[in-house]
4 protein chains.
Amino acid sequence: MRQKDEAKAQDILRATLHEVQAVGLAGLSIEAVARRAGIATGTVYTYFRGKDALLDSLYLHTKTAFSDFVLRDDGLPLRAAFTRMTKAYLDYIIEHEAEIIFMGQMANSPYVTEQTREAAALGARPVAAMLERGKLEQLLKDLDTAWMMAFVGGTMKAMAPLAAGMSAAGYAAFQESVATLCWDALKA
Amino acid sequence: MRQKDEAKAQDILRATLHEVQAVGLAGLSIEAVARRAGIATGTVYTYFRGKDALLDSLYLHTKTAFSDFVLRDDGLPLRAAFTRMTKAYLDYIIEHEAEIIFMGQMANSPYVTEQTREAAALGARPVAAMLERGKLEQLLKDLDTAWMMAFVGGTMKAMAPLAAGMSAAGYAAFQESVATLCWDALKA
Amino acid sequence: MRQKDEAKAQDILRATLHEVQAVGLAGLSIEAVARRAGIATGTVYTYFRGKDALLDSLYLHTKTAFSDFVLRDDGLPLRAAFTRMTKAYLDYIIEHEAEIIFMGQMANSPYVTEQTREAAALGARPVAAMLERGKLEQLLKDLDTAWMMAFVGGTMKAMAPLAAGMSAAGYAAFQESVATLCWDALKA
Amino acid sequence: MRQKDEAKAQDILRATLHEVQAVGLAGLSIEAVARRAGIATGTVYTYFRGKDALLDSLYLHTKTAFSDFVLRDDGLPLRAAFTRMTKAYLDYIIEHEAEIIFMGQMANSPYVTEQTREAAALGARPVAAMLERGKLEQLLKDLDTAWMMAFVGGTMKAMAPLAAGMSAAGYAAFQESVATLCWDALKA
DNA sequence: CATGAATGAGTTTTCATTCAT
DNA sequence: TATGAATGAAAACTCATTCAT
C-alpha cells in the first residue's frame, strides 16, 4: 500500500478476501475485487503493485492478524493458557471463515513469496514457547514441538467447521470438548 | 483407428495432478497438462468434456482411491483397526503429496460439482462405522462421530507433512506417536 | 467423389444439406455431417477432398437438379410454358426447403468456385430461350432477358415460403395467383 | 479515462458488415473485425457481449435502418407512393451492398434471436398499410397483403444486383422499369 | 475402405495491466 | 488520484484434416 488512503487499501484487501471465498483463488479477477470494493479497476494498482503483490500482502496480513489473536502465550498456568488458545482458535476460525478459506487456497499456490512465508512462520513462536514450557514442566508428552503445533492447528482447522449453526450453549460445550481432546492427546 | 485408450485418460488425470502440484490450481492450463501427458491439446477434450469436467473427475477419482486405501474398517479389534487406519493415512499422504495438495486446492473451489461432493462423502462410511463400534464398546469417548472423523482427518493432514525426509526408523516412530496421539485424544 | 459407393456420396451430400438447414453454413462441421450420414468422420474424406470441395460439389449438384426440374422449356405455347415453369418453381421450393436455404447461404460465401458458378449459370439457358421467344412473339415486354429472369427467380424465392401449411386447394389457388402475378408483370 | 464511445460501437458494426461482405458469415472472425475497425481484439468485448450479441445487434441495426429508409408510407397518392418505395428499395440495395449480403447470410443462421426477428418484422408495417390502402381503393388486386409484400421484396432483391455498373441515365430507366413491373403485377 | 482418435492451428473469450482523461 | 476503456497476451475450446488400426 501507498500514501493516500489507508482505509481504501483495507477495503481492497477485504474485498479480495471475500471474493476468494465466493469464487475461489482460481476464479479471482481484479475487476471483481474492484467492483466489490466499490472502486475502479485501475485504482487497485495505486495501492498494490499487481495481483501477486495484493495476494501476498493479504496473506501476510491475514496470517499476522490470526497469530495476534490466537497464537499467543499470556502467561497463564499451562492448562489454562492451552485452553484459552484452543478456544480462541475456534472463535477465530468461526468468525473468519473467509480468512480460513483464503489461507487454505494460498497455502500451495505460487502467490506466496518465500519472504512472506518466513515472516508468517514467526507468528507461531509464542505457542511454540508455551508448548516447550509444558514439556519442561512434564505436563506434556515429550514430542517434537513442531509436531505438537501441527497437531493443534490441524485439529482446529478440521473441527471448526463443525460449529456452524450451533447455539451459544452448544458451542460452549463444543469448545470444551475440543480443548479436552487436544489436551488428552498431548498430556504426558 | 486407435481405440479410445483408458490408459490415456489415466495419463491425463495424472498429468493434471502433478501440474496442480507444480503451479497450483489457479495456474493450471490445459496446454500444460497436455504437454505433461505427452499428447496434443485437443486430445484432452476427447477424454474429458472440458477443464471443469476434468477437474471434477480427477477429484472423484482421487477421493475414491484415498478412501479405498485408508478409510476402511477391516474388522480388527478396535485399537488395531484404528492404528492401521492412522498409519495408512500417513502412508497415503506421504506417498501421494500431489493428491493431497490437489484435494486441498479443490476443496473450496467452484470446480467440484455437488454430485461429486456427495459421492466423495460416501467413502468415509466405514470409518464412521468403526468409530461407532468403538463408542458402543465404550472404548471411545461419547462424542459425535462427525467430530471424531474431522479430528482424525485434520490431525493426519496436519502431521503428514512433518514426515518429509524421515528415515524408515524415524518414520515408524512417528507413525506410532501419531497413532497414540489420536487414540489418547479419543479414548474414553 | 471416388470409385466405391456412389450411394454413400449421395448420403453425405444429403446429410450436408440438412445439416446446413439445421445449423446454418456458419455452424456446419464435418463431424456433424458424418454423424448425420451414419458414417465415420474420416470417410467423408474418401468421397470428397475436403470441406470446400464437398460444399462446392453440393452446390453444383443442387443447382443442376433445380435447373433440370424447373428451368426447362418444353415447347408448349408460351403462356402455358411460362405457367408450368412458375408452378414447378413453387413446387420445387416447397419440396426442397433445405436446398433453397443451402443455395441462399452459399450464394455469397467463399465456398463456391468460379468454375462452379459458371457451370451453374448454364442451367438457366432454357428459360432465357423461352423468354426470348416471348419477346419475339411480342407477348412479353421488351426488357433485358437477364432482368426478366431475375424477376421471376426473385418472385418465386420470395413467395414460396408463404405456401407453408396450405391445403391442396389453397396451394393450387396460390400457384395460379403467383403465375398470374408474374405474367401480368412481364406481358407486353 | 476514455469514455465509452458510441462512435466506436458504430465502427465495430461497420467493420463487421464489411468483413462479412468480404469473407462471408462463415469466415468471420472477431480478430479480423477488430483489425478492420482499428482496435484491439479485446475492445470488441467492451462494446458487445460476444460474437453472437454483435451479430444480432448488427442485424437489428441494419434491418431498422433499411426499414426507415425504404419501408415507409409518406401519404402520397398510391401509385406515387408505390413508385417512391420501389425506387428507394433499389437505391438502398445498390448503395448498401454489404448490408444486403449481411441480411441474406443472417436470415437462416442461428445468430438472430427470436426477439430481434420480431422487432425487425415491425419495420414492414407501413408498407403493409400502404398496400391495404391500395386494395381498399381497388387500385390493387385483392391478394393477401403478406403475399404482396413478399413479392415486392423478392423482386427488389433479385433485380437490384443487375444495376451494378449502370450509368445514371441507365439506372433511372431501370428504376422505372422495375417500378412498372411491380405495379403491373399488382394492379387490379 | 472404414473407423474415430489424434493432431495442432485457429477461434473466441478473459483478464492483468496500462494509460488517456 | 480516480476512473474505466483499451490493450494484447494467454487460455479454453473447436474442428478440418490426418493416420494408425
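A, B, ... follow the sequence lines: proteins, then strands. Residue 1 opens every chain.
One distance of note links CG of C:D68 with OH of C:Y92; it measures 9.5 Å at 0.5 Å rounding. Atom CG of D:L60 sits about 10.5 Å away from atom CG of D:L13, to the nearest 0.5 Å. Between the CD1 atom of B:I93 and the CD1 atom of B:I100 there is a distance of 4.5 Å, given to the nearest 0.5 Å.
Using a 4.0 Å heavy-atom criterion, one finds that B:F48 contacts no nucleic acid atom at all.
Closest contact between the side chain of C:I39 and the listed nucleotides E:dT3, F:dT7, F:dT17 involves E:dT3. For A:T43, taking side-chain heavy atoms from C-beta onward, the closest of the listed nucleotides F:dA2, E:dT3, F:dT7 is F:dA2. Closest to the side chain of D:T46, from the set E:dA6, F:dA5, E:dT3, is F:dA5.
Sorted by first and then second residue, the side-chain hydrogen bond (donor to acceptor under 3.5 Å, both in side chains) pairs involving residues 57-67 of chain D (not counting sequence neighbours) are D:Q10-D:H61. Screening residues 18-30 of chain C for salt bridge (charged side-chain N to carboxylate O under 4.0 Å, His left out) gives C:E19-C:R36 as the qualifying pairs, with residues at least two apart or on separate chains. Within the structure, no pair that satisfies the salt bridge (charged side-chain N to carboxylate O under 4.0 Å, His left out) test touches residues 37-53 of chain B, not counting sequence neighbours.
Within residues 15-31 of chain A, no residue places a heavy atom under 4.0 Å from DNA chain F. For the contact set between residues 109-117 of chain C and DNA chain E, defined by any heavy atom under 4.0 Å, there are no members. For the contact set between residues 49-60 of chain D and DNA chain E, defined by any heavy atom under 4.0 Å, the members are D:G50, D:K51.
Remark: B:D11 pairs with B:R14 by the salt bridge (Lys or Arg N to Asp or Glu O under 4.0 Å) rule, at least two apart or across chains. Under the rule for a side chain to side chain donor-acceptor pair (under 3.5 Å), C:Q105 has no partner lying at least two apart in sequence or in another chain. With sequence neighbours excluded, the residues satisfying side chain to side chain donor-acceptor pair (under 3.5 Å) with D:R35 are D:E31.
Between C:F102 and C:L55, the closest side-chain pair of non-hydrogen atoms falls below 4.5 Å. Using a 4.5 Å heavy-atom threshold, the side chains of D:Y47 and D:K8 count as touching.
Contact check, A:Y45 against F:dA2: no side-chain N or O comes under 4.0 Å of OP1 or OP2. Between E:dA2 and C:K8, a contact under 4.0 Å exists linking OP1 or OP2 to a side-chain N or O.
With a 3.5 Å limit on both pairing distances and Watson-Crick or G-U wobble geometry required, the stems of 3 or more pairs in DNA chain E span E:2-21 with F:2-21.
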Only distances under 3.5 Å count here; give the side-chain donor-acceptor pairs of residues 109-118 of chain A to other protein atoms, sequence neighbours excluded, each with its distance to 0.1 Å.
residue, atom, partner, partner atom, Å
A:S109, OG, A:M106, O, 3.1
A:S109, OG, A:Y111, N, 3.1
A:T113, OG1, A:D56, OD1, 3.2
A:T113, OG1, A:D56, OD2, 3.4
A:T113, OG1, A:T116, N, 3.2
A:T113, OG1, A:T116, OG1, 3.0
A:T116, OG1, A:D56, OD1, 2.8
A:T116, OG1, A:D56, OD2, 2.8
A:R117, NH1, A:A107, O, 3.2

Hey, can you pull the donor-acceptor pairs under 3.5 Å for the side chains in residues 22-30 of chain A, sequence neighbours left out?
residue, atom, partner, partner atom, Å
A:S29, OG, A:A32, N, 3.1

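Position along DNA chain F of the nearest nucleotide to B:G42 versus D:G42 favours D:G42 as the more 5'-ward residue.
For D:T43 (side chain) and D:I39 (main-chain N/O), no donor-acceptor pair under 3.5 Å exists by modelled atom type.
As a whole-Å value, the separation of D:Y47 OH from E:dT13 P is 18 Å. Rounded to whole Å, atom P of E:dG10 lies 12 Å from atom CZ of D:R35.
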